[in-house]
Amino acid sequence: MDHNLTLRIVLILLSIAAILLPLTGASLIYDPNGASITDFYILTSDSNNPAGLANSTDYTYLDGYSGRVYYTGEPTTLSFLNGGPQAQNTQNNRFYFTRTTSTNSWREIFFVTRVKGSYHNGTVVNHDPVNTVIEHPGDTVTLPGAGPQQLSEPGQGYNAQGVSGYYDGSNQYKYQYRYSYTILEITIIRTSYTRNFSNWFAYYESGIILYAPGAETQLSFVGKVYFSWGQGPDQYTFSVNRTVGDIIPLETLTSKTSLSNSLLVGTLTYQSFFQDQGTVGFYADSAGTSTSFNFESSIGSNTYSFPYNVVFDPQTPGGSAVRISSSNNGFTSASSTVSSPMGGSSTSAQVLEGDIRIYLDSAAVVFGKPPGEYSSIIYCLLTIN
């Protein structure tokens, strides 16, 4: 299939701030877990009753099972948002598979999710006894905290089997969180509501954004009918996860004054199981024109700022860490093998993975600036072709 005619721009931003005390970073990692996300059959329907699926049944056995997301970080709320295209003339303000040649042709869908957790010994259990139905853009699901962090002093903790207890400094109750990973299973439910729906020679696509403070993942799914013909839609996952807390202490930032001593602030992952190649660039504005990065603070009627540098350190495909500039700002995926964080089978995909780092030219750039909270946004622009 020829994908060279398609060009899509996708934007994710990484917000960072400096000066106050830090909190923990967060991460979202998508795993197809054997799901067929590149040719999901959308000619039939499952249910028109979202409330009826908010029960204890695990629906991951359905055709619409779409994989899972692994979360680590503090307890959070995960939002489901429409990632486009935007279906036209809809009735219920839900999610949709839209035809690639016309957003006025669609099938309505919603999502059933189940929150699970993986104990530190690898055992996976249901965290919630019932499903959370995601019916409309903006609906949310609550995720418990998870991660490998261990307690540094006596206090309440968990052992490898998820049992809570008092950590005395040396016993088994050493983990801060009950789970090493929080797992969100996602299943697409097809409704019978359609508009101008074609059973032949058509491609359909659906995109969603999963957003939690400090972490964002964009997912795209490809729907098929009897025969699909012509230019197919892009399929990808694109994630940016902040690895620092909400606030970076100033003394931490001012100690980072070279590329080799830069501060890790985020990680980026692009994967296409449809083998769509992607290229990512980093910018100081959403238009993708500026690479002059600054921390800024509005104090009274005045705006104060100081510059910093952004570095991308590619891990897959491998390469050297690069300071971002207008002439050095394009990182392209390559074919690689993708494995689940918890093991299991591997899958071939187009992959770009790397670390996002920052540093100052010198600590002197902050001298004379009034106290306050200085913030900045790094815009991560993905081009799929």
- Query: With hydrophobic residues grouped by side-chain heavy-atom distances under 4.5 Å, do Val310 and Val365 end up in a single group?
  - Reply: yes
- Query: Do Val112 and Leu210 sit in the same hydrophobic cluster, where Ile, Leu, Val, Met, Phe, Trp and Tyr count as joined when their side-chain heavy atoms come under 4.5 Å apart?
  - Reply: no
- Any chance the side chains of Arg114 and Asn126 put a donor and an acceptor closer than 3.5 Å? yes
- Examine Tyr270 and Tyr211 and state if one hydrophobic cluster contains both, with Ile, Leu, Val, Met, Phe, Trp and Tyr joined whenever side-chain heavy atoms are less than 4.5 Å apart. no
- Note on the structure: Partner of Trp106 under ring pair (Phe, Tyr, Trp, His ring centres under 6.0 Å), picked from Tyr96, Phe97, Tyr204, is Tyr96
- Message: Before you tell me yes or no, could you show the steps for Tyr283 and Leu381 under side-chain contact (heavy atoms from CB on, under 4.5 Å), namely the whole-Å CA-CA distance, both residues' side-chain angles and the distance that decides it to 0.1 Å?
- Response: CA-CA 8 Å; Tyr283 297 92; Leu381 271 67; 4.1 Å; yes
- Does Lys174 reach the side chain of Leu151, with side-chain heavy atoms less than 4.5 Å apart? no
- Could you verify whether a donor N or O on one side chain and an acceptor N or O on the other, from Thr140 and Thr77, lie under 3.5 Å apart? no
- Query: Are Thr254 and Val366 close enough that some pair of their side-chain heavy atoms sits under 4.5 Å apart?
  - Reply: yes
- Query: How far does CD1 of Ile183 sit from CZ of Arg68, to the nearest 0.5 angstrom?
  - Reply: 4.5 Å
- Task: Write down the atom of Ile356, the atom of Cys380, and the distance for their closest heavy-atom approach.
- Result: CD1-SG, 4.3 Å
- Go through the steps to decide whether Glu205 and Val222 satisfy the test side-chain contact (heavy atoms from CB on, under 4.5 Å), and finish with yes or no. CA-CA 5 Å; Glu205 60 183 328; Val222 177; 5.6 Å; no
- Query: Can you check whether Glu216's main-chain N or O pairs, donor with acceptor, with Gln218's side chain at less than 3.5 Å?
  - Reply: no
- Mark yes or no: Arg107 above the aromatic ring of Phe197, with NZ or CZ under 6.0 Å from the six-membered ring centre and no more than 45 degrees from the axis. yes
- Query: With a 4.5 Å limit on heavy-atom distance, are the side chains of Thr72 and Ser27 in contact?
  - Reply: yes
- Are the ring centres of Tyr374 and Phe306 closer than 6.0 Å? yes
- Query: Given the rule in the ring pair (Phe, Tyr, Trp, His ring centres under 6.0 Å) test, do Tyr179 and Tyr119 qualify, once you have shown the distances and angles that lead to the verdict?
  - Reply: CA-CA 5 Å; Tyr179 305 121; Tyr119 292 146; 5.7 Å; yes
- Message: Could you check whether any side-chain N or O of His127 sits under 3.5 Å from a backbone N or O of Val115, counting only pairs where one atom can act as donor and the other as acceptor?
- Response: no
- Query: Checking Asp128 side chain against Val130 main chain: does a donor-acceptor pair fall under 3.5 Å?
  - Reply: no
- Task: To the nearest 0.5 angstrom, please state how far the OG atom of Ser206 sits from the CD1 atom of Ile42.
- Result: 9.5 Å
- Check Ser198 against Ser105 and note the closest heavy-atom contact, atom names and distance. N-OG, 4.3 Å
- Minimal non-hydrogen separation, Asn329 against Gly281, with atom names: OD1-CA, 3.4 Å
- Given side chains that start at C-beta, do those of Phe80 and Phe95 come closer than 4.5 Å, heavy atoms only? yes
- Query: Looking just at side-chain N and O atoms, do Thr291 and Ser326 make a donor-acceptor pair shorter than 3.5 Å?
  - Reply: no
- Tell me yes or no: between the side chains of Ser47 and Asn49, is some donor less than 3.5 Å from an acceptor? no
- Message: Whether the side chain of Thr187 engages the backbone of Glu185 through a donor-acceptor N/O pair (distance < 3.5 Å, no angle test) should be reported.
- Response: no
- Query: Under 3.5 Å, side chain of Ser290 to main-chain N/O of Ser292, donor-acceptor pair present?
  - Reply: yes
- Message: Within the structure provided, determine whether Leu253 and Ile358 are in side-chain contact (heavy-atom separation under 4.5 Å).
- Response: yes
- Evaluation steps, side-chain contact (heavy atoms from CB on, under 4.5 Å), between Val244 and Leu264: CA-CA 7 Å; Val244 292; Leu264 177 65; over 6 Å; no
- When rounded to the nearest 0.5 angstrom, what distance separates OH in Tyr70 from OG in Ser118? 8.0 Å
- Message: Measuring from atom OH of Tyr158 to atom CD of Gln150, what distance do you get when rounded to the nearest 0.5 angstrom?
- Response: 15.0 Å
- Derivation and outcome, ring pair (Phe, Tyr, Trp, His ring centres under 6.0 Å), residues Phe312 and Phe331: CA-CA 9 Å; Phe312 185 64; Phe331 304 88; 4.7 Å; yes
- Message: Can you classify the ring geometry of His120 versus Tyr175 as parallel (below 30°), tilted (30 to 60°) or perpendicular (above 60°)?
- Response: parallel
- Query: With a 4.5 Å heavy-atom cut-off, do Ser239 and Leu268 have their side chains touching?
  - Reply: no
- For the atom pair OG (Ser66) and CD1 (Ile208), what is the distance rounded to the nearest 0.5 Å? 7.5 Å
- Message: When you measure from the side chain of Ser340 to the backbone of Asp31, do you find a donor-acceptor pair of N or O atoms at a distance under 3.5 Å?
- Response: no
- Nearest heavy atoms of Gly169 and Pro154, plus distance in Å: N-CG, 4.4 Å
- State whether the side chain of Asn131 and the backbone N or O of Thr57 hold a donor-acceptor pair below 3.5 Å, judged by distance alone. yes
- Message: If we count only N and O atoms by modelled type, under 3.5 Å, do the side chains of Ser305 and Glu296 hold a donor and an acceptor together?
- Response: no
- Would you indicate whether the side-chain heavy atoms of Val133 and Phe110 approach each other to under 4.5 Å? yes
- Query: Does one hydrophobic cluster hold both Tyr359 and Ile378, with members joined at side-chain heavy-atom distances below 4.5 Å?
  - Reply: no
- Item | Ile186-Val141 co-clustered via ILVMFWY side chain contacts under 4.5 Å | yes
- Positive for side-chain hydrogen bond (donor to acceptor under 3.5 Å, both in side chains) with Asn92, one of Glu108, His136, Glu135: Glu108
- Message: Do Ser333 and Gln350 pair up side chain to side chain, a donor and an acceptor below 3.5 Å, judged on atom types alone?
- Response: yes
- Query: Side chain of Asp276, backbone of Gln235: donor and acceptor closer than 3.5 Å?
  - Reply: yes
- Taken to the nearest 0.5 Å, the spacing of Thr182 OG1 from Tyr71 OH works out to 7.5 Å
- Message: Taking the side chain as everything from C-beta on, heavy atoms only, tell me whether Tyr59 gets closer than 4.5 Å to Leu53.
- Response: yes
- Modelled atom types, side-chain donor and acceptor of Thr60 and Asp58, under 3.5 Å: yes
- Item | Carboxylate-amine/guanidinium proximity below 4.0 Å for Asp139 and Arg94 | no
- Assess the pair Phe295 and Tyr308: is the distance between their ring centroids shorter than 6.0 Å? yes
- If only atom types and distance count, is the side chain of Ser376 paired as donor or acceptor with the main-chain N or O of Asn294 below 3.5 Å? yes
- Quick check: does any side chain N or O of Arg178 sit under 3.5 Å from a backbone N or O of Gly162, one acting as donor and the other as acceptor? yes
- Item | Asn309 and Asp361: CA distance, side-chain angles, deciding distance, side-chain contact (heavy atoms from CB on, under 4.5 Å) verdict | CA-CA 7 Å; Asn309 301 293; Asp361 285 330; 2.9 Å; yes
- Answer yes if the side chains of Asp285 and Tyr379 hold a donor-acceptor pair under 3.5 Å, and no otherwise. no
- Message: For a quick test of reading the model, state the closest non-hydrogen atom pair linking Asp313 to Gly319 and the distance between them.
- Response: OD1-O, 4.0 Å
- Message: Would you say Ser348 and Gln275 are linked by a side-chain donor-acceptor pair, where the criterion is simply a distance under 3.5 Å?
- Response: yes
